[in-house]
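In what follows, a structure is listed as structure tokens, so that the remarks can point back to it.
In listed order, ligands and their atoms are each counted from 1.
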Amino acid sequence: MRNRFHSICPYFAMFPEAFAETWLDRLTRRNDVVLDPFSGRGTTAFQSLLMGRRAVACDVNDVAYCLTKAKTDAPRLSSLKRRINQLEEGFDGRRWHHAAEKATEFFQYAFHTTTLQQLLYLRETLRWRDNRVDTMLAALILGSLHGEMDTSDSYLSNQMPRTISTKPAYSVRFWKKQRLKAPERNTFQLLRSRASFRYESEPPEGEAIVLHRDMRDLPRIRETLPQRISCVITSPPYFDVTDFEEDQWLRLWFLGGPARPTSGRLSRDDRHSFEAEYWRFIADMWRSLGAVVSRTAHIVIRIGSRKVSPDRLAKTLNASSVFSNRRVELIGQEISEIQKRQTGAFRPGTVGVSMEVDCHFRFRS
Ligand SMILES: C[S@@+](CC[C@H](N)C(=O)[O-])C[C@H]1O[C@@H](n2cnc3c(N)ncnc32)[C@H](O)[C@@H]1O
């Protein structure tokens with residue numbers, strides 16, 4: 001059975017676990033340290049632990065941090081259940097009545113009043129940044145916060161895609177036009193059932209360092225990182241494809257962010273529209289990697305773009321590796337087509353990609 005923690009929550013432009021698994025199998029051994037500086041939903045780190053490797057993961061986005069941390073430091077199911085009971089006992093709908101009423105039209109349509117009261121309470125109560133039980137509960141809610149209500153009862157919201165949070169005005173227009181009403185869900189019950197479902201799989205043992213920061217900071221905190229990072233498996237934001245912060249605004253709201261889509265608050269690099277700026281950012285990535293990984297590390301990078309051909313992407317990625325200040329060899333490159341489902345999931349206004357390129361580099365000094 002596929003480990004159920006992998007799919008706690010989808011993440012835009014995520015790679016499948018088979019991608020991480022294949023490269024880990026090819027390039028690493030037990031106890032090797034593997035880094036993903038753009039960890040997203042945490043697949044590289046989680047798969048590394050499953051395969052007995054050690055992991056370092058880094059991302060600026062709160063959703064990415066919460067998901068990666070939850071998966072790689074899962075508490076016991078019994079602790080989760082205890083905490084859910086405690087949270088449910090502490091919930092008093094009357095206290096949240098006013099806050100729910102004051103919420104914008106989007107929230108009134110997106111969630112049933114009772115569900116919204118519970119979400120507001122949990123949003124304020126969960127200490128997801130520093131308590132591993134609460135991190136897992138927040139991650140489980142993120143995975144259920146929105147989705148298709150006609151195909152499953154595991155989502156809390158009115159009809160929405162599960163990959164991205166649609167914009168407020170667009171969503172309200174859609175719900176009104178379709179006369180759609182948010183389902184009444186009990187968030188505590190949903191948490192119990194989601195937790196039991198995920199824990200059908202064993203969480204892995206082992207060690208992961210999960211960093212909630214810009215990957216450019218890695219050289220500054222080098223002393224706190226393991227000495228021999230021998231492999232990097234990652235995918236930076238693609239060129240001019242999507243804005244992770246804007247596309248996940250509702251999940252970010254649940255983690256304490258603003259009640260509307262924002263951009264550029266968490267990262268300036270989610271979506272570069274000018275090629276020169278994009279490649280400056282990729283040069284920064286190489287600088288960071290060059291400063292923190294071992295002398296002979298393997299680096300596997302998946303990138304994509306609709307505007308730039310895969311061939312040119314690979315060439316420019318290779319050329320920019322000079323900024324690592326290392327001798328770098330391009331061992332191989334492979335162009336692949338994105339699965340239909342993911343390409344189709346790109347929201348209106350987001351440029352889809354249909355091709356991706358995987359490059360395997362090796363540092364030689
Ligand atoms: C293509 S996604 C990674 C997806 C991931 N491979 C997965 O399977 O879920 C790129 C990630 O880079 C993060 N990011 C953007 N700018 C960053 C920066 N300067 N430092 C670290 N992470 C950053 C985004 O938040 C996003 O999660």
Which residue owns the protein heavy atom closest to [atom], what's the atom, and how far is it?
{"atom": "atom 10 (C) of ligand 1", "value": "S235 O, 3.5 Å"}
{"atom": "atom 4 (C) of ligand 1", "value": "A13 O, 3.7 Å"}
{"atom": "atom 23 (C) of ligand 1", "value": "V60 CG2, 3.3 Å"}
{"atom": "atom 15 (C) of ligand 1", "value": "D270 OD1, 3.3 Å"}
{"atom": "atom 16 (N) of ligand 1", "value": "S267 OG, 2.9 Å"}
{"atom": "atom 24 (C) of ligand 1", "value": "D59 OD1, 3.5 Å"}

At a 4.0 Å threshold, what atoms of ligand 1 neighbour a non-hydrogen atom of [X]?
{"X": "R41", "result": "7 (C), 9 (O)"}
{"X": "M14", "result": "7 (C), 8 (O), 9 (O)"}
{"X": "D269", "result": "16 (N), 19 (N)"}
{"X": "N61", "result": "25 (O)"}
{"X": "P37", "result": "21 (C), 22 (N)"}
{"X": "R216", "result": "19 (N)"}
{"X": "D214", "result": "18 (C), 19 (N), 20 (N)"}

Does any N or O of ligand 1 fall below 3.5 Å from an N or O anywhere on Y238, backbone included?
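Not met; the criterion fails.
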Please determine if F15 has a nitrogen or oxygen closer than 3.5 Å to a nitrogen or oxygen of ligand 1.
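N/O-N/O distance under 3.5 Å: yes.
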Is it the case that more than 12 heavy atoms not belonging to [X] sit under 6.0 Å from its [atom1] atom?
{"X": "R228", "atom1": "CZ", "result": "no"}
{"X": "R26", "atom1": "CZ", "result": "yes"}
{"X": "R30", "atom1": "CZ", "result": "no"}
{"X": "R213", "atom1": "CZ", "result": "yes"}
{"X": "E205", "atom1": "CD", "result": "no"}

Going by the closest heavy atom to [atom], which one wins out of [options]?
{"atom": "atom 2 (S) of ligand 1", "options": "F19, Y65, F244", "answer": "F244"}
{"atom": "atom 20 (N) of ligand 1", "options": "M285, E17, E245, M215", "answer": "M215"}
{"atom": "atom 27 (O) of ligand 1", "options": "F12, Y11, F281, F46", "answer": "Y11"}

Is the backbone N or O of R4 less than 3.5 Å from a side-chain atom of S201, with the two atoms forming a donor-acceptor pair by type?
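Checked: pair present.
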When you check the side-chain N and O atoms of Q189 and R192, is any donor under 3.5 Å from an acceptor?
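R192 and Q189 do not have a side-chain donor-acceptor pair below 3.5 Å.
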Is the NZ or CZ atom of R194 both under 6.0 Å from the centre of the six-membered ring of F197 and within 45° of that ring's axis?
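Yes, a cation-pi geometry holds between R194 and F197.
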I want to check a possible cation-pi pair here: R162 against Y155, using under 6.0 Å from ring centre and within 45° of the ring axis as the test.
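Here R162 fails the 6.0 Å and 45° test against Y155.
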R302 touching ligand 1 at heavy-atom level, < 4.0 angstrom:
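Checking ligand 1 against R302, which is what was asked, there is no heavy-atom contact under 4.0 Å.
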Is there a heavy atom of S39 sitting under 4.0 angstrom from any atom of ligand 1?
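The answer is yes: ligand 1 sits under 4.0 Å from a heavy atom of S39.
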State plainly whether one hydrophobic cluster holds both V232 and I303, where clusters connect Ile, Leu, Val, Met, Phe, Trp and Tyr through side-chain heavy atoms under 4.5 angstrom apart.
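Same cluster: V232 reaches I303 through Ile, Leu, Val, Met, Phe, Trp or Tyr contacts under 4.5 Å.
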Any idea how F46 and H6 line up, ring-wise: parallel (<30°), tilted (30 to 60°), or perpendicular (>60°)?
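The rings of F46 and H6 stand perpendicular, inter-plane angle above 60°.
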Looking at E17 and R41, is there a salt bridge between them, counting it only when a charged N and a carboxylate O are closer than 4.0 Å?
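Yes, R41 and E17 are salt-bridged.
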